[in-house]
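Along the sequence shown, residues carry numbers from 1. A quick note: this is a predicted structure, and the numbers were derived from the prediction, not measured. The figures here come from the full heavy-atom set of this structure, side chains too, leaving out hydrogens, waters and symmetry mates.
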Amino acid sequence: MGSNESGSLLSGLMDPLSRTNKNNAPKGRRIRRCRSAPVSDYVALETGFPSGPRTDQSFFGNIHPSFRIVAAFLTVYLGLGTVCFYLVRNQLKGEKTNGVVDAVYFCIVTMTTVGYGDLVPNSVLSKLLACAFVFSGMALIGMILSKAADYLVEKQELLLVKALHTSKKVGHIEILKDIETNSLRYKCIVVFILLLLLIIGGTIFLATVEKLSLVDSFYCVCCTITTMGYGDKSFSTQAGRAFAVFWILTGTICLAQFFLYVAELNAQSRQRALVKLILTRRITNVDLEAADLDDDGVVGAAEFVIYKLKEMGKISQEDVRLVMEEFEDLDVDQSGTLSTSDIMLAQQPQIEK
C-alpha cells in the first residue's frame, strides 16, 4: 500500500468526524471530539448503576455470572469434600467434634493450605484424598481471587466512593470517573478495612469461644490468615470450627487480595510515572521520524497519538497492525474513510451466509 493510501487510512481511522467538520471545529479540538465506544451496558453491569429497564428482578438474576460460577464450583468442592471426609472420618487423627462439621472444617483448612495439624489423614485412602483436594482447592482459591473476590470488592468500593461523596453534589458520571482514576487505591482501602474487621472479629471469637488469651487469639488469627498454620493454637470446639469454615476462607482470600492490589498499585504508580516522563520530555527530530508512520514528512495528530501511546506501553505495533487490518476490511470502497454504506457492504457476506 502506498504512502498516500496509508495516510488516508490513518486519518480516517483516528479522526473521521473531524475531517467532515474541519471548517467548523476549533483548532486543536478535533481529536477531542471523538466519542468513546458504547460501554454503558458493561459499566452498569460492573458498577450497579442502571442503564435501562430491568427485565429480571429475581435475586439470582442480579448475581454476577462470574460469582455464580465460583459459587457453583465452591459448593461442589465443599459438598464432595464433606461427603468424602465424613466417610473416612475414622481415618483422620486428631481432636474431633461433630463428624459433618469436622469434614467441612478439614476441607477449608486443606483448601486454604492452613494445615493446623489438629486433624490429619491417618490412612492411605485419606492421604490420597487430601492430596487431591489440596490441589483442586488451590485452583479454586485462584478462581475466587480472580473473579468473585474482585467483584465483591468492587461492590464495596462503589459504596465507599459514594460515602466519600455524600457531602458533595456529584452525579453518577463523576463517581464513575473518580472510581476509574483511583480504582486500585479504593480497592486497597476496602480490602484493608475488611481485613481489620476479620482480624478483630476472629480475635474476639477465639478469646470468648475458644477461651484463648488475647495474645494467643491474635497469634492464632495471624497464623491462620497468612496460612502459616503452626497448629499449636487452632479451633478445637464444634462452634469454633463452624465459625472457622467461613472465617478462614474469607480471611485468607482477603489477605491475598490485599497483597495483590498493593502489587497492582505499585505497578500502576510506576506506569503513571513513565507516562508523566514521556509527556514532559522534549520532542526531537528522531521522535518525529519515528512517529511519521506513512513517511510523508509530516506527523498528523493521529500519528502523534499512536506514537505516544506506543511509548507509554499502552499499545504495541502489533495492536496498530491488527486495527489497520480491520479498518481495511471494513473500508470496502477503499476511500480511506468509513461510512454507513461501508459497514453495510462489509456485513453483507456475513448476512448472506
Side-chain angles (χ1 to χ4, degrees), residues 71 74-75 77-123 126-127 129-131 133-134 136-138 140-141 144-145 148-149 152-153 156 189-259:
L74 184 60
T75 301
Y77 176 89
L78 291 178
L80 186 60
T82 301
V83 172
C84 291
F85 290 115
Y86 178 79
L87 293 176
V88 298
R89 63 188 182 280
N90 295 326
Q91 300 176 34
L92 298 177
K93 182 177 64 175
E95 301 178 23
K96 298 179 182 179
T97 59
N98 179 271
V100 177
V101 173
D102 287 348
V104 181
Y105 170 75
F106 187 75
C107 279
I108 294 294
V109 170
T110 301
M111 179 176 68
T112 56
T113 69
V114 173
Y116 287 126
D118 51 352
L119 285 177
V120 293
N122 196 33
S123 68
S126 60
K127 289 177 180 178
L129 282 174
C131 291
F133 275 91
V134 71
S136 56
M138 291 177 68
L140 184 57
I141 288 291
I144 294 174
L145 283 174
L152 292 174
V153 170
Q156 301 302 318
I189 295 172
V190 169
V191 177
F192 182 71
I193 293 172
L194 291 175
L195 194 58
L196 282 179
L197 292 175
L198 287 168
I199 291 174
I200 295 171
T203 303
I204 294 173
F205 183 89
L206 284 167
T208 55
V209 177
E210 297 288 338
K211 306 302 181 183
L212 299 179
S213 67
L214 282 178
V215 173
D216 286 343
S217 298
F218 180 71
Y219 166 76
C220 182
V221 164
C222 293
C223 289
T224 300
I225 62 175
T226 58
T227 70
M228 187 162 52
Y230 285 130
D232 51 342
K233 302 295 179 183
S234 63
F235 296 86
S236 57
T237 64
Q238 181 176 332
R241 288 181 176 178
F243 171 80
V245 166
F246 303 98
W247 184 84
I248 292 176
L249 183 62
T250 308
T252 53
I253 291 176
C254 191
L255 182 65
Q257 197 74 8
F258 175 70
F259 286 137

ask   = Are Phe133 and Phe85 close enough that their ring centers fall under 6.0 Å?
value = yes

ask   = Looking at CG of Leu194 and SG of Cys254, how far apart are the two atoms once the value is rounded to the nearest 0.5 Å?
value = 5.0 Å

request  = Mind running side-chain contact (heavy atoms from CB on, under 4.5 Å) on Leu129 and Val88 for me, showing each step along the way?
outcome  = CA-CA 10 Å; Leu129 282 174; Val88 298; 4.2 Å; yes

message = For Ser217 and Glu210, which I'm curious about, is there any donor-acceptor pair between the side chains at under 3.5 Å?
response = no

remark   = Tightest non-hydrogen contact, residues Leu78 and Cys107, listed as CD2-CB, 4.1 Å

query = Is there a donor-acceptor contact under 3.5 Å linking the side chains of Tyr105 and Asn98?
reply = no

query = So, are Arg241 and Asp102 salt-bridged, with charged N and O less than 4.0 Å apart?
reply = yes

message = Looking at Leu196, I'd like to know if its CG atom is crowded, meaning that more than 12 non-hydrogen atoms belonging to other residues, nucleotides or ligands lie closer than 6.0 Å.
response = yes

ask   = Taking atom CG of Leu80 and atom SG of Cys84, what is their separation to the nearest 0.5 Å?
value = 4.5 Å

task = Report the distance from atom OH of Tyr219 to atom OG1 of Thr203, rounding to the nearest 0.5 Å.
result = 13.5 Å

task = Check Asn122 against Ser126 and note the closest heavy-atom contact, atom names and distance.
result = N-OG, 3.2 Å

task = Output the distance between atom CZ (Phe246) and atom OG1 (Thr250), rounded to the nearest 0.5 Å.
result = 8.5 Å

request  = Using the six-membered ring wherever Trp is involved, compare the ring planes of Phe205 and Phe235 and label them parallel, tilted or perpendicular (cut-offs 30° and 60°).
outcome  = tilted

ask   = Partners of Ile141 by side chain to side chain contact (heavy atoms under 4.5 Å, CB included), sequence neighbours excluded?
value = Met111, Thr112, Leu145, Leu249, Ile253

message = I'd like to know whether Trp247 forms a side-chain contact (heavy atoms from CB on, under 4.5 Å) with Leu198, so could you lay out the CA-CA distance, the side-chain angles of the two residues, the decisive distance to 0.1 Å, and finally the verdict.
response = CA-CA 7 Å; Trp247 184 84; Leu198 287 168; 4.0 Å; yes

query = Ser136 and Tyr77: which non-hydrogen atoms are nearest, and at how many Å?
reply = OG-CE1, 3.4 Å

query = What's the shortest heavy-atom distance between Thr97 and Gln238, and which atoms?
reply = CG2-N, 3.7 Å

query = Is Thr113 close to Met138 at the side-chain level, that is, under 4.5 Å between some pair of heavy atoms?
reply = yes

remark   = dist Ile248:CD1 -> Ser234:OG (nearest 0.5 Å) comes out at 9.0 Å

ask   = Closest approach of Tyr230 and Met228, non-hydrogen atoms and distance?
value = OH-SD, 3.3 Å

ask   = Is any NZ, NE, NH1 or NH2 atom of the basic residue among Asp216 and Lys233 found under 4.0 Å from an Asp or Glu carboxylate oxygen of the other?
value = yes

ask   = Of all heavy-atom pairs between Val209 and Ala239, which one has the smallest distance, and what is that distance?
value = CG1-CB, 4.3 Å

key: Atom pair SG (Cys223) and CZ (Phe218), whose distance is rounded to the nearest 0.5 Å   = 10.0 Å

